[in-house]
Asks: 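Okay, here's the structure, questions in a sec.
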Amino acid sequence: MRKLQQAIEPHLAAALSEVGIDDTSNLASLLQRVKEESQGDVALPCFTFAKHLGRAPAEFAAELADALQATVASESLLAEVHAVGGFLNFRADVSTLAQEVIPQTLADPAAAGHARDPSALLIEHTSANPNGPFHVGRSRNAILGDCFVRLHRLAGDEVRAEYYVDDMGKQVGILAWALENLDDDRVNEVLAAAGIDEESNHPDKVDHQRVRNYQAANVLRDDDPGIEEAVSEMVRLSEEADPDTLDAFGKAYQPVLDGMLDTLDRLGIQYDSFTKESRFIIDGSVDVVLAELRQSELAAQAENGAWYLELAERGVAGKNTRFYFQRGDGSSLYATRDIAYHRWKWTQADRLLNILGEDHRLQSHQVAVALGEVGESSPEVVFYAFTKLPDGKMSTRRGNVVFMDDLLDEATARATEVVSTIRTDLDDESLTTIGEAVGISSVRFNILRVSPEKGINFRWEDALSLEADSAPFLMYSHARACSIVRRLLDDGHDVEAALASVGDLDWSGLSESAAGLVRRISRFAEELNSSIENRRPNQFSSYLLALATDYNRFYRDNPVRTPDGIDVNNLALSEAARHLISAGCYGFGVIPLESM
RNA sequence: GGGCGCGUAGCAUAGUCCGGAUAAUGCACUGGCCUCCUAAGCCGGGGACCGCGGGUUCAAAUCCUGCCGCGCCCGCCA
């Protein structure tokens, strides 16, 4: 549709100038998509112009429509222009559109989402403290982050997925202390007494084992100041980058992190790099940041020698507008190390994107201001609201969690059951494969289809929903398209040869549903890119669902297999749609099976 | 107390950034379509004071403003 807009703009500007409207500089922003698709593709509301000229909008629009009839004849992409009320509606010529977009999509499906120059992008996401199994509360970050990674790759960007490992904080300190000081009997005893002693469904996974020590230590810590002191001492040493302490921390958290990464891997989420927080203490860059921040005009010192930036004038309000970056004892804080981390990240990419929970909004703003003070740019940030349980926010520490391993097991089991009722012809192995793919895809998609800033109340039936407007619907549409090709090959047809002539096809006389599919296909790249730029993956998910719906409508009354062989137009359309559905599925981590 | 986010049919959401045409989709409710490429599909019906009140505008779910409800944050924690 963008091409259509560009094609009409000059003609429209000329026509407007004829009737006395000279300022047409904002024409592009006035042109909009027609909501009711039967009315056309692109519309120009004429109310402002009409008012300016003191004329009736409908009459004015009709006059413009008349003046543009010659343009309809000269522009191959434009099929029709007419006035409806005060709107001037343009309709694209679908056969020209198909001629352009279908061969292009089939020739290079991987480039279907490219619409601009690629950039080198570093996306940091997940970065969860390695203190226990990966849980559903944390998963929105990882699933959203991984989706951005995938969508940007679809758009042609060079993306690096980065996990920031908090290897020196209090969480890891408590874990390390607990592993060293609490044996299994003690852990069992403490957790039983505290009432958070649920039996793990994954007793063999190290992250599920060690989280019990962590939880027990947190219980004990509440009324034993000695533990608090011991942990604090370890944390202090880690902040000085004491090698023995960091080594002990590493031994404590690495197996837990590995367990979390296994879970993430099952979800289809991988990382290109892991960066440890301690790195920026060790290489001295935190000290450099501290020195530079102290030079800031916003910097001031508290009575005990601690340093802060006064942010009252920088849009920070509340009880406390101070951003502390150095403690009274001279040591750094988490946020300070984050500044050093971001400075380093800027050496790795042209664009930075962070995925953060809504609880990090203030801190992210503080870090952004501080980055400005040391001469660095701020990253782009996507904030998401929490996934809550009926009992409130999930917490590893309090045992109020749904572990992702359990959710995936349950999702897979339920999906497998559904598949087995639909496909009675399949063996157990196939059922399991499909069930696993459907279960995982559904869990991901059910999170991605809602706006990041909107809170999610976790409910099993929602998280595991397999209904339409969901991952299985996309997967099913894809499987249908695959099935067509499979049947053609079974019949002995040469599908590749049939498609070789796609550039010469005549696309006139498309059915309504086929034309609808062509229009939808033609918008793939602009929908993808606008979704990325708005940082709302759910926008592209809506598009993808609409694409699948249009494909299913097309499928209903446009047979590819005909009594005489193959309808090549329909085959080309089906294949183009299949490639795009598959690409879109990739973007959301939905697994496009060939059969289900 | 202050800052930020959210509030759309019974439920779950889209649309809000950038104001436009009968507020879109799924579930649930309901009627139809498989001698024809997978019915996890397609076609139709009923169901909405777009949280509430003001304002701006030819036009407001969308912008401004005041309330109300829910959430997050306001550590020399991470």
Side-chain angles (χ1 to χ4, degrees), chain A residues 29-30 32 34-36 39 43 45-48 50-51 57 84-87 89 129 166 168-173 235 277 302 304-308 315-322 324-329 331 333-335 337-338 357-363 365 383 385-386 388 392-393 418-419 421-423 438 446 449-451 453-457 459 461-462 465-477 479-488 491 513 534 536 538-539 541-542 545-546 548-549 551-553 555-563 570-571 574 595-596:
Chain A
S29 64
L30 283 175
Q32 57 189 248
V34 177
K35 288 208 171 142
E36 184 55 55
Q39 298 280 3
C46 298
F47 306 95
T48 316
K51 194 185 179 204
V84 179
F87 293 92
N89 291 342
N129 276 322
D166 189 351
M168 50 181 288
K170 193 159 203 170
Q171 314 298 326
V172 176
V235 171
E277 189 180 342
N304 70 343
W307 284 86
Y308 60 87
V316 172
K319 283 189 262 185
N320 188 354
T321 55
R322 294 176 176 183
Y324 280 92
F325 60 88
Q326 184 171 353
R327 293 197 187 95
D329 67 4
S331 61
L333 288 116
Y334 175 84
R337 288 167 233 140
D338 208 25
E358 61 182 346
D359 54 339
H360 282 69
R361 281 192 132 103
L362 173 60
Q363 169 142 76
H365 181 65
F383 294 103
F386 290 121
K388 289 183 305 171
K393 198 173 151 183
V418 172
V419 180
T421 62
I422 299 173
R423 296 293 301 272
V438 169
N446 287 337
R449 51 184 274 272
V450 343
S451 273
E453 68 276 5
K454 195 165 295 204
I456 296 179
N457 291 310
R459 269 185 240 115
E461 60 270 31
D462 292 346
S465 166
L466 306 178
E467 308 296 343
D469 242 15
S470 72
F473 174 67
L474 299 173
M475 299 167 74
Y476 177 73
S477 309
R480 274 183 145 181
C482 290
S483 160
I484 292 176
V485 175
R486 196 163 48 237
R487 292 287 292 270
L488 289 174
D491 293 348
S513 57
N534 294 334
R536 297 257 179 81
N538 63 296
Q539 283 178 359
S541 82
S542 298
L545 289 167
T549 298
Y551 179 74
N552 284 314
R553 286 178 183 146
Y555 180 94
R556 177 196 56 204
D557 48 24
N558 298 273
V560 174
R561 299 169 73 232
T562 63
N570 287 344
L571 174 63
S574 178
S595 167
M596 67 183 277

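Here is the naming used below: chain letters follow the sequence lines, and residue numbers restart at 1 for every chain. These values consider heavy atoms only, across backbone and side chains, with no hydrogens, waters or symmetry-generated copies.
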Asks: List every contact pair, protein side and nucleotides 69-77 of chain B side both N or O, where the distance is under 3.5 Å.
Replies:
from: C72(B); atom 1: O2'; to: E358(A); atom 2: O; distance (Å): 3.4
from: C72(B); atom 1: O2'; to: D359(A); atom 2: N; distance (Å): 3.4
from: C74(B); atom 1: O2'; to: N320(A); atom 2: N; distance (Å): 3.2
from: C74(B); atom 1: O2'; to: N320(A); atom 2: O; distance (Å): 3.4
from: G75(B); atom 1: OP2; to: N320(A); atom 2: ND2; distance (Å): 3.3
from: C76(B); atom 1: O2; to: G328(A); atom 2: N; distance (Å): 2.7
from: C76(B); atom 1: N3; to: N304(A); atom 2: OD1; distance (Å): 2.7
from: C76(B); atom 1: N3; to: N304(A); atom 2: ND2; distance (Å): 2.4
from: C76(B); atom 1: N4; to: N304(A); atom 2: OD1; distance (Å): 2.3
from: C76(B); atom 1: N4; to: N304(A); atom 2: ND2; distance (Å): 3.1
from: C77(B); atom 1: OP2; to: R327(A); atom 2: NE; distance (Å): 2.6
from: C77(B); atom 1: OP2; to: R327(A); atom 2: NH2; distance (Å): 3.1

Asks: Take atom P in C77(B) and the same atom in C11(B), then report the distance between them in whole Å.
Replies: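 Here C77(B) and C11(B) have their P atoms 44 Å from each other.
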Asks: What's the gap between C49(B) and A24(B) when it is taken at their P atoms, as a whole Å value?
Replies: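 Result for the P pair: 14 Å, nearest Å.
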Asks: Heavy atoms under 4.0 Å, any strand shown: does V560(A) hit a base, just sugar-phosphate, or nothing?
Replies: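 Contact class for V560(A): base.
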Asks: Report the nucleotide, chosen from C43(B), A39(B), A61(B), that has the shortest atom-to-atom distance to any side-chain atom of R553(A).
Replies: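 My answer, after comparing the listed nucleotides, is C43(B).
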Asks: Looking at every strand, decide which applies to Y555(A) at a 4.0 Å heavy-atom threshold: base, sugar-phosphate, or nothing.
Replies: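 Base contact.
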Asks: Give one of base, sugar-phosphate or nothing for S29(A), where a contact means two heavy atoms less than 4.0 Å apart.
Replies: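 Here S29(A) touches no strand at all.
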Asks: Does the base of A39(B) carry an N or O that pairs as donor and acceptor with the side chain of N552(A) under 3.5 Å?
Replies: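 Between A39(B) and N552(A), which were checked side chain against base, a qualifying N/O pair under 3.5 Å is absent.
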Asks: Does RNA chain B take part in any stems of at least 3 consecutive Watson-Crick or G-U pairs (both distances under 3.5 Å), and if so, which ones?
Replies: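 Expected stems, ordered by start: B:1-7 with B:68-74, B:10-13 with B:24-27, B:29-33 with B:41-45, B:51-55 with B:63-67.
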Asks: May I ask you to say what V419(A) touches in the nucleic acid, namely base, sugar-phosphate or nothing, with a heavy-atom cut-off under 4.0 Å?
Replies: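 Touches a base.
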Asks: Mind checking salt bridge (Lys or Arg N to Asp or Glu O under 4.0 Å) for R536(A) and listing every partner two or more places apart, or none if nothing turns up?
Replies: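 Salt bridge (Lys or Arg N to Asp or Glu O under 4.0 Å) check on R536(A) returns E453(A).
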Asks: Roughly how many Å apart are U25(B) and A9(B), using the C1' atom of each and rounding to a whole number?
Replies: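 Per the computed distance, 12 Å lies between those C1' atoms.
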Asks: Mind checking N534(A) for me? I need base, sugar-phosphate or nothing, with any heavy atom below 4.0 Å counting as a touch.
Replies: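 The residue N534(A) makes base contact.
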Asks: Going by centres under 5.5 angstrom and planes under 30 degrees, do the aromatic ring of F47(A) and the base ring of G20(B) stack?
Replies: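 Yes, aromatic ring over the base.
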